[in-house]
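Along the sequence shown, residues are numbered consecutively beginning with 1. Every heavy atom of this structure was used, including side-chain atoms; hydrogens, water molecules and symmetry mates were not.
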Amino acid sequence: MGSRKHNMATQLKEARKSRAFAKLTNCPTSPRKMRIVADLVRGVEVEKALQILKFSSKEASINLEKLLLSAIANWQAKNEDASIEDAGLYVKSICVDSAGMLKRLRPAPQGRAHRIRKRSNHVTLELGSKNNVSN
């Protein structure tokens, strides 16, 4: 005899088990620069997304490529019997959030100081499957 809250929590846990996602935390790139790269691969098939990231000239694409490979590995761990080709994996959602900022002072003219904000970000990437193999 569980409470409503407990039942909802177990339902959410079950739903989370079938999701394949990966998180990148405290990446020392500004969120704005990371979002430019993230927009390139949102909703794209996994193979094509890896190619886009591999040949992108942006620095942020290196970290996103690693993150995508991690998400694929996580999907394989949950679906050992299924193959990636049959599943039709694609980037279901990719979300870039701001993380903590390092604040530094830069000397400015006439004895003043300007604050430099070194930004970092968190990225959450979720994979979806076009043809559900085992789910």
Side-chain angles (χ1 to χ4, degrees):
M1 187 175 149
S3 66
R4 180 185 58 82
K5 222 174 191 179
H6 182 264
N7 293 341
M8 274 304 287
T10 51
Q11 270 184 344
L12 283 169
K13 268 185 193 168
E14 289 303 313
R16 245 185 234 124
K17 277 181 188 170
S18 62
R19 284 173 56 205
F21 66 100
K23 283 182 180 176
L24 174 66
T25 56
N26 293 319
C27 178
T29 315
S30 77
R32 189 175 177 179
K33 289 175 183 175
M34 187 63 92
R35 277 188 199 108
I36 291 169
V37 183
D39 291 342
L40 293 174
V41 294
R42 188 176 283 115
V44 177
E45 286 85 38
V46 166
E47 287 83 15
K48 194 175 177 190
L50 281 169
Q51 293 302 316
I52 290 168
L53 292 172
K54 190 175 182 180
F55 294 106
S56 170
S57 60
K58 299 275 184 190
E59 187 75 26
S61 64
I62 297 165
N63 289 322
L64 272 190
E65 189 182 359
K66 276 186 186 176
L67 183 70
L68 183 55
L69 288 168
S70 171
I72 293 166
N74 293 344
W75 183 87
Q76 275 181 317
K78 287 180 180 177
N79 309 289
E80 283 119 352
D81 50 343
S83 72
I84 296 173
E85 288 78 28
D86 299 339
L89 285 182
Y90 70 103
V91 180
K92 188 176 179 182
S93 70
I94 182 165
C95 176
V96 181
D97 300 314
S98 180
M101 265 187 273
L102 295 175
K103 290 176 179 158
R104 300 286 179 262
L105 290 176
R106 160 140 315 151
Q110 299 181 356
R112 294 190 187 93
H114 290 169
R115 186 169 287 142
I116 299 290
R117 296 191 284 302
K118 296 193 173 204
R119 298 171 190 271
S120 55
N121 66 55
H122 300 313
V123 187
T124 310
L125 186 145
E126 186 181 347
L127 295 180
S129 168
K130 284 205 169 86
N131 0 314
N132 286 356
V133 181
S134 62
N135 298 357

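Both Leu69 and Leu64 belong to a common hydrophobic cluster when Ile, Leu, Val, Met, Phe, Trp and Tyr are linked at side-chain heavy-atom distances under 4.5 angstrom.
To the nearest 0.5 Å, atom CZ of residue Arg112 and atom NE2 of residue His114 are 7.0 Å apart. Atoms CG and CG, on Leu125 and Leu67 in that order, are 5.0 Å from each other to the nearest 0.5 Å. Note that the CZ atom of Arg117 and the NZ atom of Lys103 stand 7.5 Å from one another [nearest 0.5 Å]. The line from CD of Glu126 to NZ of Lys92 is 5.0 Å long, rounded to the nearest 0.5 Å. Note that OG of Ser61 and CD1 of Ile52 are 11.0 Å apart. Values are rounded to the nearest 0.5 Å.
With sequence neighbours left out, Gln76 forms a side chain to side chain donor-acceptor pair (under 3.5 Å) with no residue at all.
Annotation: side chain of Leu89 is in contact with side chain of Ser129 (closest heavy-atom distance under 4.5 Å). Within the 4.5 Å cutoff, the side chain of His122 has no heavy atoms near those of the Lys23 side chain.
Pairing each heavy atom of Ala20 with each of Ala71, the nearest pair is CB-O, 4.3 Å. In terms of heavy atoms, Asp97 sits closest to Cys95 at OD1-SG, 3.5 Å. When every heavy atom of Asn74 is checked against every heavy atom of Phe21, the shortest pair comes out as ND2-O, 2.9 Å.
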Show me the donor-acceptor pairs within less than 3.5 Å that the side chains of residues 27-51 make with the rest of the protein, sequence neighbours left out.
unit_1	atom_1	unit_2	atom_2	d
Ser30	OG	Lys33	N	3.4
Arg35	NE	Val96	O	3.4
Arg35	NH2	Val96	O	3.0
Asp39	OD1	Arg42	NH1	2.6
Arg42	NE	Ile94	O	3.4
Arg42	NH2	Ile94	O	2.7
Glu45	OE2	Lys130	NZ	3.0

